[in-house]
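Here the structure comes first, spelled out in structure tokens, and everything after it is commentary.
Below, each value reflects all heavy atoms present in this structure, side chains not excepted, and no hydrogens, waters or symmetry copies.
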Amino acid sequence: MGSAAGAALAGAPERSLVPLPRDPDLARAARAPVERLINASGVTGRIGFMVADAKTGAVLEAKSPLLGLPPASVTKAITASYALDALGADYRFTTRLIATGPVQDGTVKGDLVLVGGGDPGLDTDALAEMAAQLKTAGIHAVEGDFKVCSATLPTIPAIDPEQPEHVGYNPAVSGLNLNYNRVHFEWKREGGSYSVAMDARARKYSPRVQIARMQVVDRKGPIYTYLDAGGADEWTVARPALGTGGSRWLPVRKPEAYAAEVFQTLARSHGIVLSAPVFLGAVPEGTTLVARESEPLKEILREMLKYSTNLTAEVAGLTASEARGVHPETLMESAGEMSLWARRALGARHAALVDHSGLGDASRLSARDMVQALLAARRNGVLPGLMKEIPLRNDNGDVVANHPVKVRAKTGTLNFVSALAGYISTSSGRELVFAYFSADLEQRADAPDEEEIPEGARPWKNRSRNLQQALIERWGNEFAV
């Protein structure tokens with residue numbers, strides 16, 4: 001599926017980056033202040049950045065611009081361009097309820113099938129609406145089985161297997177996703193024990209689930225453990241870590257079963273009793289009884305870039321690869337196709353990505369390739385308007401109101417990895433394109449695998465972000481005209 005917006009990215013970039021000036025005096029004048037900023041920042045590891053004029057592509061300043069580093073969530077800007085090009089800005093994901101037999105006197109004379117279309121924003125409230133629409137359509141019983149199909153996309157148990165098992169930003173990916181494939185875990189101390197609840201929480205509805213189970217155990221660590229129990233996700237949590245009460249989101253590893261259980265509960269509330277789910281590997285023939293469309297892709301991507309939702313990025317990337325005639329079985333396979341596209345269509349000549357979200361630290365992207373990609377995306381005209389406004393702050397960390405330099409960009413953060421790339425509008429109206437990547441891969445490799453935020457990660461991130469701001473302020477002043 002194509003679009004006019006997508007077609008603009010189909011060919012090679014109109015203009016390549018223009019190299020830095022060769023005059024040694026100019027080079028020294030630009031280099032010395034930057035090196036002082038970097039040295040004063042305290043950021044360890046490797047740093048690569050580039051800033052260029054948005055209209056001409058002339059490189060204004062750079063440091064190690066060809067150095068490939070993990071782009072983290074800056075990857076999502078590439079993914080957004082990839083999805084827009086393949087699917088079009090108005091593409092919508094569709095979730096359906098179909099009947100494999102006729103409907104007679106309110107009874108489905110066949111199976112009822114919940115068919116996922118990959119919608120990354122599907123939540124419990126949306127399934128509740130679908131159950132209500134089924135009742136409004138006059139359905140009160142199903143003679144056959146309740147079946148579930150997620151074959152639109154492959155089911156992948158976790159985005160990055162190297163992440164701690166319990167982090168909610170690393171869920172399964174499937175053609176049927178619910179609540180970003182996360183389950184809400186809540187606990188409260190009652191006397192000498194804890195009451196715990198696992199539910200599919202949304203704004204209106206929060207049905208309890210059995211597909212994810214939690215047991216509180218007496219131990220010092222680890223805080224969480226996970227076991228694939230076949231029919232359910234079995235979790236344990238260390239009692240000393242719970243305090244008096246709290247809640248958090250945990251990843252779901254069985255997304256089809258999760259969605260099936262929640263829909264059964266919601267349908268039962270309308271008097272429609274469904275059998276135990278049967279999971280299908282292909283969409284059967286049938287009549288659509290209820291169809292729910294997502295928001296347009298453009299708006300989904302805007303939310304993805306704002307909140308950096310990993311599931312959305314992976315679904316968008318996989319769906320784009322499918323639309324291109326590739327049928328990937330893994331995220332790496334699909335990301336490889338996206339990398340090839342980025343090299344050809346965006347001029348990111350050495351892009352080597354392992355997923356669509358940036359969660360995997362094996363991805364590599366250089367500042368030069370990211371700037372080239374952003375220049376190409378700017379000509380397309382869609383991506384810059386989808387990117388989040390990044391406020392500039394004073395030395396106390398407070399947002400500076402009405403700052404003359406405006407930034408729209410995508411951030412990227414992993415432990416000991418920090419990135420930022422996007423567009424700058426200077427006080428004079430001159431537009432710049434920039435990319436900044438930094439990583440201390442030695443410290444990252446030494447960090448314990450089970451720790452969500454290892455010692456030293458937060459201070460390192462703060463130092464890198466301070467350097468990002470210092471560079472942006474420098475570029476906004478030095479290259480305003």
Side-chain angles (χ1 to χ4, degrees), residues 116 124 148 150 153-190 192-201 206-243 245-265 276-281 310-311 314-315 329-332 355 357 359-361 414-415 447-454:
T124 296
V148 178
S150 63
L153 298 175
T155 297
I156 299 166
I159 296 172
D160 178 18
E162 300 302 317
Q163 295 288 328
E165 289 180 320
H166 62 278
V167 292
Y169 53 76
N170 185 37
V173 182
S174 169
L176 182 58
N177 308 291
L178 182 66
N179 301 327
Y180 297 102
N181 289 339
R182 301 179 308 170
V183 64
H184 189 258
F185 165 45
E186 188 169 17
W187 65 92
K188 184 177 181 181
R189 187 160 63 191
E190 296 179 347
S193 62
Y194 285 90
S195 64
V196 299
M198 304 286 271
D199 62 62
R201 180 156 303 197
S206 302
R208 297 284 184 95
V209 297
Q210 294 298 316
I211 190 63
R213 304 167 186 165
M214 179 65 72
Q215 181 181 3
V216 180
V217 297
D218 289 314
R219 65 166 182 258
K220 292 183 179 179
I223 296 177
Y224 290 94
T225 67
Y226 169 79
L227 175 66
D228 182 346
D233 290 335
E234 297 280 3
W235 294 92
T236 70
V237 61
R239 185 185 302 272
L242 295 181
S247 66
R248 73 168 293 154
W249 291 96
L250 293 171
V252 166
R253 303 290 179 218
K254 304 177 187 302
E256 297 90 351
Y258 179 49
E261 181 183 357
V262 172
F263 186 76
Q264 280 181 299
T265 299
V278 176
F279 301 100
L280 303 178
N310 293 329
L311 176 71
E314 301 303 345
V315 167
E329 296 183 359
T330 66
L331 294 179
M332 183 174 289
D355 57 33
S357 63
L359 192 56
D361 66 3
L414 298 170
N415 289 327
D449 292 339
E450 69 277 5
E451 290 190 14
E452 190 170 348
I453 304 176

Say you draw a straight line from [atom1] of [X] to [atom2] of [Y]; how long is it, rounded to the nearest 0.5 Å?
X    : Y    : atom1 : atom2 : result
Y169 : D160 : OH    : CG    : 9.0 Å
I223 : E451 : CD1   : CD    : 9.0 Å
I453 : N415 : CD1   : CG    : 7.0 Å
S174 : L153 : OG    : CG    : 7.0 Å
N179 : T124 : CG    : OG1   : 3.5 Å
E186 : W249 : CD    : CH2   : 10.5 Å

For residues 230-243, tabulate all N or O donor-acceptor pairs below 3.5 Å that involve a side-chain atom, not counting sequence neighbours.
from: D233; atom 1: OD1; to: Y226; atom 2: OH; distance (Å): 2.7
from: D233; atom 1: OD2; to: R253; atom 2: N; distance (Å): 3.0
from: E234; atom 1: OE2; to: R213; atom 2: NH1; distance (Å): 2.9
from: T236; atom 1: OG1; to: R219; atom 2: NH1; distance (Å): 3.0
from: T236; atom 1: OG1; to: R219; atom 2: NH2; distance (Å): 2.9
from: T236; atom 1: OG1; to: T225; atom 2: OG1; distance (Å): 2.3
from: R239; atom 1: NE; to: D218; atom 2: OD1; distance (Å): 2.6

Please give me the minimum heavy-atom distance between [X] and [Y], naming the atom from each residue.
X    : Y    : result
A200 : V262 : CB-CG2, 3.5 Å
L178 : A259 : CD2-CA, 3.9 Å
E261 : R208 : OE2-O, 4.1 Å
D355 : G360 : OD2-N, 2.8 Å
P255 : N181 : CB-OD1, 3.5 Å
A257 : I211 : CB-CD1, 3.6 Å

Hits for side-chain hydrogen bond (donor to acceptor under 3.5 Å, both in side chains) against E190, two or more places apart or cross-chain, chain-then-number order -> S195
Could you tell me if the side chain of [Y] sits less than 4.5 Å from the side chain of [X], heavy atoms only?
X    : Y    : value
E162 : L359 : no
I159 : V173 : yes
R248 : L250 : yes

Sequence neighbours excluded, the answer for ring pair (Phe, Tyr, Trp, His ring centres under 6.0 Å) partners of Y224 is H166
- prompt: Does R182 offer a backbone N or O that forms a donor-acceptor pair with the side chain of Y258 under 3.5 Å?
  reply: yes
Next on the checklist: Treating E256 as the side-chain partner and L176 as the backbone partner, does any N or O pair qualify as donor plus acceptor under 3.5 Å?
Outcome noted: no
